[in-house]
**Student:** 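Can you read through this structure? Questions will come right after.
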Amino acid sequence: MFTRTRPRTLATLLVLLGALAAPLGLLAQKPGGTKGKTPGQLKTPVFTDLANHPTELPAITNMVALGIIPPVGVGVFSPDAVVTRGDFAVMVQNLFKLTAPPKAATFSDIKPTDPIFGAVQAVAPFMNRQAICFGCMLSTNFSPNVALSREESSIILVRIMGARKQLQALSDQDLQTFLNATPDAKNWTPSAAPYIAVAVKSGVMPLLAGNSFQPAQKLTRADTAVLLDNVNRQFVSPPVVLPVNPVRPPLPVRPPLQPVQPVQPPVQPN
Amino acid sequence: MTNHTQRVMTLGIRGNSPAMPARCTWRFLTLLFLLASGLAPGRAGAQAPTNLSEHGGPIMSTVNVNLVFWLPPGSHFVSPPGGSAASDLVYQNTITNFVNGLAQTSYWNILTQYPGQCSSTACTAPINAAGAVLVVRTFNDFTPYPQSPLQDSDIQNVIQNTITQDGLSFGLNAEFFVFTAAAIQECNGLSGCTSTDFCAYHSEFDFNGGKAVYAFMPNADSLPGCSEGIGASPNQLAADRETAALSHELFESVTDPLPFGTSLNILNPLGNTAWWDSANIFSSSFGQEIGDKCNQQPANVNFNGKSFIAQQQWSNDTSTCVSAFGPSIEFDVSTGSDDLRGDSSATAGLQSGTSTFQTVTLKSQSQPSWGNNTTNEVVFGLVPPQLPSTQTPLDDVLFTLTSHNSGFETSDNWNIEHLNVKVLDPTGKTICQVSLGGDPLVRLTGNQPSDAFAIPNCPNQTSGPTFSELEFVIVTGADDLRGDSSATATINAPNGSTVQVINLKAQNQAGWNNNSTHDLVFALSPPQPLSQLRNILITLTSHNGFLETDDNWNVQSVNITAFNPGQPAQCLINSGGDPLARLTNNAPTLTLVTPNCTPPPPPTAKFNQIEFNITTGGDDLRGDSSAAATLQINGATSSFTLKAQSDPSWDNNTDHDKVFPLNTLQPLAAFGNVVITLTSHNGFAESNDNWNIQNVVLTLSDSGGNPVCFANVSGNPFARLTGSAPSVALTPLQGCP
């Protein structure tokens with residue numbers, strides 16, 4: 001865990017500098033180097049808590065460097081912390097640069113002065129909360145501190161990319177084939193199934209063990225980095241990238257984001 | 001006519017081939033996607049509203065409502081400090097009365113747009129008739145809540161126990177509503193929790209080989225984000241918010257009772273569901289049911305003379321949120337051995353004489369085919385919202401088939417085997433109907449694409465006999481109708497149009513003196529069915545002479561009877577009071593809604609006891625105040641002390657019952673007004689007391705036997721007594737059923 005005491009080793013000093021530089025887009029990178037569709041591939045991990053996440057490391061590094069996912073603190077990413085609805089709204093807004101609708105959505109727990117107000121307004125039209133809470137009379141709460149589920153994130157991303165004409169609905173035949181091949185599909189709400197199917201079939205969201213989707217499972221920050229990095233590469237056209245020129249102006253400093261909460265008490269399964 | 005194309009896109013059509021609508025829906029999803037443009041908010045403006053479509057599952061045609069009030073000791077439905085046993089009772093009664101008032105209203109009539117599964121000759125549909133929705137049982141469950149937050153399984157357990165213990169029936173004609181106390185939280189797996197996501201929900205579960213339909217009704221008043229935009233409240237704020245939430249869930253249950261009855265199969269990927277919006281997964285309305293599309297948009301409704309708060313509901317007919325539907329026209333069309341092709345369209349022109357006053361689209365080109373030997377039901381609101389009248393009768397409907405041939409396709413042919421057409425008023429009453437059949441009844445082709453079906457005697461065919469005379473018996477009270485004043489009676493039809501205006505007293509006729517009776521008979525021309533006589537407005541007009549002020553007129557009673565030779569007389573109005581109404585320049589009109597003929601109690605019944613049941617509202621009757629009541633009996637005044645100065649205070653939301661003997665047995669006619677009066681006895685520096693009265697129930701009886709309602713009034717508050725307005729008067733039978 002990084003502390004505020006004086007750095008005692010060169011390695012620690014480098015980590016500190018790297019962490020401070022990351023959000024500002026000051027990380028070194030391979031000149032002109034590219035990997036996949038993202039030319040701005042970063043070079044070294046800059047966080048002290050990613051040792052157990054080597055697979056997710058490139059995505060995390062990229063998302064932080066691009067300013068899409070803010071770090072939790074200096075040198076700290078908290079990869080296993082869950083992402084909240086408020087967090088995700090900010091991340092999605094950072095990635096897609098969505099425009100808020102002309103008529104603001106009214107949430108009883110989000111005030112115009114809240115730092116996440118703009119992001120919530122921009123993302124709200126794509127949430128389709130009714131598809132998840134089928135049969136519910138919805139409240140006017142946004143509930144920014146509630147942990148985000150795989151189902152919720154799938155719907156939001158599919159809706160956004162559908163609006164951008166990058167995804168389309170499955171035919172009834174393809175939908176049924178997918179539902180038959182997914183063991184836990186019989187437990188999904190009917191109105192959420194089409195979104196989950198599109199998310200999986202388009203590669204936005206992977207299936208989990210046993211070919212199940214597990215819609216209620218919460219997304220960690222590491223999961224989300226991989227998810228959004230993948231979406232950025234595949235669907236954001238052109239992808240959000242760091243400039244290739246090693247001498248470049250820093251990205252604008254973003255205002256403080258919704259503080260990431262400690263692990264939320266999970267919503268009790270039915 | 002000009003809305004023809006729009007209607008094609010908005011009307012709900014229900015056929016008897018369960019697979020077809022869903023298949024079609026999903027086939028069209030791709031098409032809709034390709035057609036959709038500018039979906040990003042802020043880039044291309046709002047999307048056109050999409051309607052509910054049906055998905056092959058059943059609906060509820062009638063609903064036996066079971067209300068389960070789960071209220072462990074010490075908990076209440078009204079949040080502190082207002083919660084009490086009395087407020088719980090008001091909460092429960094308001095909800096019970098709301099449900100019992102729903103049938104045969106224009107609000108419940110909205111549901112008739114959403115028919116259910118069809119056989120080869122007919123479709124089931126939500127019925128708007130007496131008893132179509134009814135509270136069959138209310139239960140009070142006092143067991144403690146097992147955990148916090150509650151889980152959905154806890155709600156299901158309560159319902160299972162109730163069904164088992166009381167041997168109740170369940171299935172697709174029964175719904176169980178479980179209400180919990182203020183501030184009780186619940187979580188429902190994937191859907192979220194009351195604290196974060198929802199205000200109520202409906203669902204279903206498997207039980208004893210069948211399906212139990214239910215709704216969980218947490219206390220909306222105490223949940224964040226569930227206030228529903230309701231500030232002012234006609235009954236009790238907590239109860240009114242709950243009736244709005246209940247209407248949301250009840251309507252959704254009727255139109256989609258099995259939201260999770262999924263049976264994944266190739267023909268119906270969306271399972272066993274019925275009506276919801278699945279037009280476009282890239283629309284924010286995807287997944288919404290009838291209530292969701294108008295979520296938390298309240299409406300004031302009036303059932304049986306009582307005001308309630310409901311939620312607006314979606315109307316496929318107008319693609320808007322509404323609180324009433326009708327009058328309407330319903331078509332049940334059975335196709336014979338030659339279908340109506342998927343790419344064909346069909347319309348019906350509603351004709352009066354040779355002119356078409358409305359054209360409706362039975363099937364649009366984009367809707368699924370009507371297969372051989374299937375029946376489809378379609379329902380439309382009449383535009384403008386008025387029933388066919390003697391001036392504009394519905395003489396026939398002109399069916400027209402239009403082929404939209406592609407490639408080498410030839411024109412479509414369509415065999416119609418049965419046709420049922422009904423015109424209904426907003427309360428679900430059939431005004432006229434016709435049922436036709438043949439093999440085929442008609443065959444529409446490219447060469448002969450149209451045919452007309454006569455609707456004989458519409459509107460008069462089934463709306464009962466017509467009446468040619470009205471008798472008015474009007475009693476003037478303690479303030480006369482002056483000689484130079486005039487009075488009229490305006491008779492209005494259900495659609496608001498004026499049927500006839502009658503001059504009860506012309507300006508040049510003699511005045512109607514105090515306590516005089518006037519018996520007048522007028523011709524109804526042309527004769528009218530009772531269904532056309534919806535309300536009667538009696539209006540005073542002053543014609544002031546020099547220095548004369550406006551006239552005031554006390555109307556003590558009005559009795560209106562309809563006559564026709566050879567038929568029994570029909571009571572329209574039989575209302576009285578002391579006065580029934582005082583007409584003045586500021587309030588010159590008395591509105592009488594027909595029929596209102598409460599049968600009087602037996603003339604032999606006599607009473608020697610009166611019981612006062614009074615509920616205090618949000619402002620108490622102070623300990624040092626007193627309250628009294630006076631009662632007019634044969635013109636004499638009897639007084640009763642409801643609360644003496646030395647009695648304890650009547651706290652907020654408390655219930656008080658007082659019984660007083662009367663000196664002698666008296667018939668109902670002997671009793672006049674009751675006046676309740678607050679008297680403040682202010683201590684040092686104390687200001688006058690104010691007292692909110694929420695409910696008053698007065699009962700006359702013969703030493704407790706043969707009780708008769710004498711008054712039954714409520715409000716929020718019904719009356720606020722203060723130092724400057726310390727009294728409230730109740731008239732005999734006020735508010736009594």
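Naming: A, B, ... by sequence-line order, numbering from 1 per chain.
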**Student:** When you measure from the side chain of Asp154(B) to the backbone of Gln151(B), do you find a donor-acceptor pair of N or O atoms at a distance under 3.5 Å?
**Tutor:**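 Indeed, once roles are kept as given, a pair shorter than 3.5 Å links the two residues.
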**Student:** Report the C-alpha distance between Glu204(B) and Lys211(B) in whole Å, list the side-chain angles of each, state the deciding distance to 0.1 Å, and finish with yes or no for salt bridge (Lys or Arg N to Asp or Glu O under 4.0 Å).
**Tutor:** CA-CA 6 Å; Glu204(B) 103 273 345; Lys211(B) 289 284 187 185; 3.3 Å; yes
**Student:** Looking at chain A, which one of Glu252(B), Glu249(B), Gln311(B) has the largest number of heavy-atom pairs inside 4.5 Å, strictly under?
**Tutor:**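 Looking at each option in turn, the highest pair count goes to Glu249(B).
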**Student:** Taking the six-membered ring for Trp, are the ring centroids of Phe286(B) and Tyr195(A) within less than 6.0 Å of each other?
**Tutor:**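 Here the rings of Tyr195(A) and Phe286(B) have centres that are less than 6.0 Å from each other.
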**Student:** Any salt bridge between Asp80(A) and Arg221(A), counting N to O under 4.0 Å?
**Tutor:**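 No, Asp80(A) and Arg221(A) are not salt-bridged.
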**Student:** Can you list the residues that meet the ring pair (Phe, Tyr, Trp, His ring centres under 6.0 Å) rule with Phe213(A), with sequence neighbours excluded?
**Tutor:**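 Ring pair (Phe, Tyr, Trp, His ring centres under 6.0 Å) list for Phe213(A), sorted by chain: Trp188(A).
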**Student:** Counting heavy-atom pairs under 4.5 Å to chain B, which of Gly135(A), Ala131(A), Ala192(A), Ala124(A) comes out on top?
**Tutor:**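 With the most close heavy-atom pairs to chain B, the winner is Gly135(A).
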**Student:** Checking Val158(A) against chain B: side chain, backbone, both or neither under 4.5 Å from a heavy atom?
**Tutor:**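 For Val158(A), the contact with chain B is made by backbone and side chain together.
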**Student:** Can you list every salt bridge (Lys or Arg N to Asp or Glu O under 4.0 Å) pair that touches residues 193-213 of chain A, not counting sequence neighbours?
**Tutor:**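 Of all non-adjacent pairs touching residues 193-213 of chain A, none passes salt bridge (Lys or Arg N to Asp or Glu O under 4.0 Å).
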**Student:** Quick check on Ser227(B) against chain A: is it the side chain, the backbone, both or neither that has a heavy atom closer than 4.5 Å?
**Tutor:**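 Neither the backbone nor the side chain of Ser227(B) comes within 4.5 Å of chain A.
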**Student:** Report the option among Lys103(A), Glu152(A), Arg85(A) that has the most heavy-atom pairs separated by less than 4.5 Å from atoms of chain B.
**Tutor:**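 Heavy-atom pair counts peak at Arg85(A).
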**Student:** Please look at Thr140(A) and chain B and tell me whether the side chain, the backbone, both or neither of the residue comes under 4.5 angstrom of a heavy atom of that chain.
**Tutor:**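 Both backbone and side chain of Thr140(A) come within 4.5 Å of chain B.
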**Student:** Under 3.5 Å, is there a donor on one side chain and an acceptor on the other for Thr177(A) and Asn180(A)?
**Tutor:**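 Per modelled atom types, Thr177(A) and Asn180(A) side chains form no pair under 3.5 Å.
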**Student:** So which of Ser253(B), Gly291(B), Pro224(B) has the biggest tally of heavy-atom pairs under 4.5 Å with chain A?
**Tutor:**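 Of the options given, most contacts go to Pro224(B).
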**Student:** Relative to chain A, which segment of Asn295(B) carries a heavy atom at a distance below 4.5 Å: side chain, backbone, both, or neither?
**Tutor:**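 Only the side chain of Asn295(B) comes within 4.5 Å of chain A.
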**Student:** Side chain, backbone, both or neither: which part of Asp277(B) has a heavy atom under 4.5 Å from chain A?
**Tutor:**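 Looking at Asp277(B), nothing touches chain A.
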**Student:** Which atoms of His202(B) come close to chain A, meaning under 4.5 Å heavy atom to heavy atom: side chain ones, backbone ones, both, or neither?
**Tutor:**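 For His202(B), the contact with chain A is made by backbone and side chain together.
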**Student:** Check whether Ser203(B) gets within reach of chain A through its side chain, its backbone, both or neither, counting any heavy atom under 4.5 Å.
**Tutor:**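 Ser203(B) has no heavy atom closer than 4.5 Å to chain A.
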**Student:** Can you tell me if the gamma sulfurs of Cys187(B) and Cys193(B) sit closer than 2.5 Å?
**Tutor:**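 The sulfur gammas are closer than 2.5 Å, so yes.
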**Student:** I'd like to know which of Val198(A), Asp109(A), Asn141(A) tops the heavy-atom pair count under 4.5 Å against chain B.
**Tutor:**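 The option with the most such pairs is Asn141(A).
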